[in-house]
Protein chains: 2
Amino acid sequence: MASSKKEEFTQEDNWLADVAKALSHPARIRILKILTEMDSCMVGSIVDKLPLAQATVSQHLKELKRVGLIDGDIVGPKICYCVNNKNLAKAKTALDKLFSKIGCC
Amino acid sequence: MASSKKEEFTQEDNWLADVAKALSHPARIRILKILTEMDSCMVGSIVDKLPLAQATVSQHLKELKRVGLIDGDIVGPKICYCVNNKNLAKAKTALDKLFSKIGCC
DNA sequence: ATCGTTCATCGTAAATATACGATAGATTTA
DNA sequence: TAAATCTATCGTATATTTACGATGAACGAT
């Protein structure tokens, strides 16, 4: 990439792009859906439902966690992941705002 | 990436991820905003408003065009880009659906 | 026909992302 | 304590993305 020019854009545009990046892989879309469909949210259960290795799923979870769309709570030897509704709502609001702004030609 | 596993996911999840990918760079968010703020939508005008080289902007426009979020109409030697409202609405609907689905924990 | 303008594409370099096996750390269970 | 389980991280390979200069193709104007 030579030298990432991201600091040349506004914080808002960068944040929106970051949220979009977190959603830019089908595995991560799937994970978000799984987390709400299932009662349990252990990593193992998620891995079972995806065509990916455990290490790879862990990386995707890390990416979703990085932007705050999910939380991971330690429960004994396991980790219970769940969506972060507050940040999810924040993301939805920001995307709505973008779409309503760019909705003309 | 070894061997992209994207074909192992549903078409819907892949499409949503693809739209999100198109939005996953601040320059492309900015471009969408510029296209609605400006009367003119020549590439040159967009380049002037971004801290990027013309070739780079052209690549970003190509990515937005790939997923159908913008159209490019040839006008003489220039090309007039504008947002594609139909596909924009489709993307918004799909994202809304996703967010409403995953909105619980 | 030639020139200048406009934009896409090519070639290339560096950064990131994706994927996996192997391993390490933490914790429960035996 | 030892063994088993669960998950993050490391190391690594490959693919993709981002960025730019240079070039080429298309068009209007001279």
Side-chain angles (χ1 to χ4, degrees), chain A residues 1-9 13-14 17-31 34-35 38 40-67 70-82, chain B residues 1-9 13-14 17-31 34-35 38 40-67 70-82:
Chain A
M1 195 196 300
S3 62
S4 185
K5 294 284 186 87
K6 301 206 171 159
E7 63 286 341
E8 308 244 17
F9 296 91
D13 286 350
N14 270 299
D18 225 29
V19 169
K21 186 154 73 71
L23 298 175
S24 72
H25 193 288
R28 294 194 288 269
I29 299 275
R30 192 82 198 86
I31 286 171
I34 288 171
L35 286 183
M38 294 206 315
S40 167
C41 39
M42 290 162 28
V43 174
S45 311
I46 302 170
V47 172
D48 290 345
K49 289 178 180 290
L50 293 175
L52 299 171
Q54 181 263 321
T56 306
V57 172
S58 199
Q59 276 187 90
H60 284 306
L61 288 167
K62 190 179 179 182
E63 171 68 9
L64 287 169
K65 202 174 169 184
R66 183 183 64 81
V67 294
I70 65 174
D71 292 316
D73 301 310
I74 297 171
V75 179
K78 308 180 180 181
I79 297 193
C80 181
Y81 278 100
C82 64
Chain B
M1 197 195 295
S3 61
S4 186
K5 295 284 186 87
K6 300 203 172 162
E7 63 287 341
E8 308 245 18
F9 296 91
D13 285 351
N14 270 300
D18 224 29
V19 169
K21 186 155 74 70
L23 298 175
S24 71
H25 193 288
R28 294 195 288 267
I29 299 276
R30 191 80 198 88
I31 287 171
I34 289 171
L35 286 184
M38 292 206 316
S40 167
C41 40
M42 291 162 26
V43 174
S45 310
I46 302 170
V47 172
D48 290 346
K49 289 179 180 290
L50 293 176
L52 298 171
Q54 181 263 321
T56 306
V57 173
S58 198
Q59 273 185 50
H60 284 305
L61 288 167
K62 190 179 180 183
E63 170 68 10
L64 287 169
K65 201 173 170 185
R66 183 183 64 81
V67 295
I70 65 174
D71 291 316
D73 302 310
I74 297 171
V75 178
K78 309 182 181 181
I79 297 192
C80 181
Y81 278 100
C82 64

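Every chain is numbered from 1 and lettered A, B, ... according to where its sequence line falls, protein lines coming before strand lines.
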Once you round it to whole Å, what is the distance between [atom2] of [N] and [atom1] of [X]?
X	N	atom1	atom2	value
Glu63(A)	dT17(D)	CD	C1'	14 Å
Ile79(A)	dA8(D)	CD1	C1'	7 Å
Ile74(A)	dA26(C)	CD1	P	10 Å
Lys21(A)	dT16(C)	NZ	C1'	8 Å
Ile31(A)	dA19(C)	CD1	P	10 Å
Lys78(B)	dG4(C)	NZ	P	17 Å
Asp18(B)	dA17(C)	CG	P	17 Å
Arg66(A)	dA8(D)	CZ	P	16 Å

Under-4.0 Å side-chain N/O to phosphate OP1/OP2 contact, [X] with [N]:
X	N	answer
Lys5(B)	dC20(C)	yes
Tyr81(B)	dA8(C)	yes
Lys6(B)	dT18(C)	no

Interface with DNA chain C, restricted to residues 22-29 of chain A and to heavy atoms under 4.0 Å: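 Per residue number, the list reads His25(A), Arg28(A).
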
Closest approach of [X] and [Y], non-hydrogen atoms and distance?
X	Y	value
Cys41(B)	Cys80(B)	SG-SG, 2.6 Å
Val67(B)	Ala22(B)	CG2-CB, 3.4 Å
Tyr81(A)	Leu35(A)	O-CD2, 3.6 Å

Residue whose nearest DNA chain D nucleotide is more 5′ - Phe9(A) or Lys62(A): Lys62(A)

Going by salt bridge (charged side-chain N to carboxylate O under 4.0 Å, His left out), name the residues that satisfy it together with Asp71(B), two or more places apart in sequence or in a different chain. none

Inter-residue atom distance Ile46(B).CD1 - Met38(B).CE, 0.5 Å rounding: 5.5 Å

Value rounded to 0.5 Å, distance of OG in Ser45(A) from NZ in Lys78(A):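 NZ of Lys78(A) is found 7.5 Å from OG of Ser45(A).
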
Is it the case that the side chain of Asn14(A) and the backbone of Lys6(A) share a donor-acceptor pair, with hydrogens and angles ignored and the cut-off at 3.5 Å? yes

Bend angle of the helix from dA1(C)-dT30(D) to dA30(C)-dT1(D) from five-pair axes at both ends, rounded to 10°?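 Roughly 20° between the end axes, to the nearest 10°.
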
State which residues pass side chain to side chain contact (heavy atoms under 4.5 Å, CB included) with Asp48(A); sequence neighbours excluded, sorted by chain then number.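 So Asp48(A) forms no side chain to side chain contact (heavy atoms under 4.5 Å, CB included) with any residue.
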
Side chain to side chain contact (heavy atoms under 4.5 Å, CB included) evaluation trace for Leu23(A) with Val19(B): CA-CA 9 Å; Leu23(A) 298 175; Val19(B) 169; over 6 Å; no

Which pairs of donor and acceptor atoms, one on a side chain in residues 51-65 of chain A, lie under 3.5 Å apart (sequence neighbours left out)?
residue  : atom : partner  : partner atom : Å
His60(A) : ND1  : Arg28(A) : NH1          : 2.9
Glu63(A) : OE1  : Arg66(A) : NE           : 3.0
Glu63(A) : OE2  : Arg66(A) : NH2          : 2.8

Stretch residues 50-61 of chain A: residues that reach within less than 4.0 Å of DNA chain D through a heavy atom: Gln54(A), Ala55(A), Ser58(A)

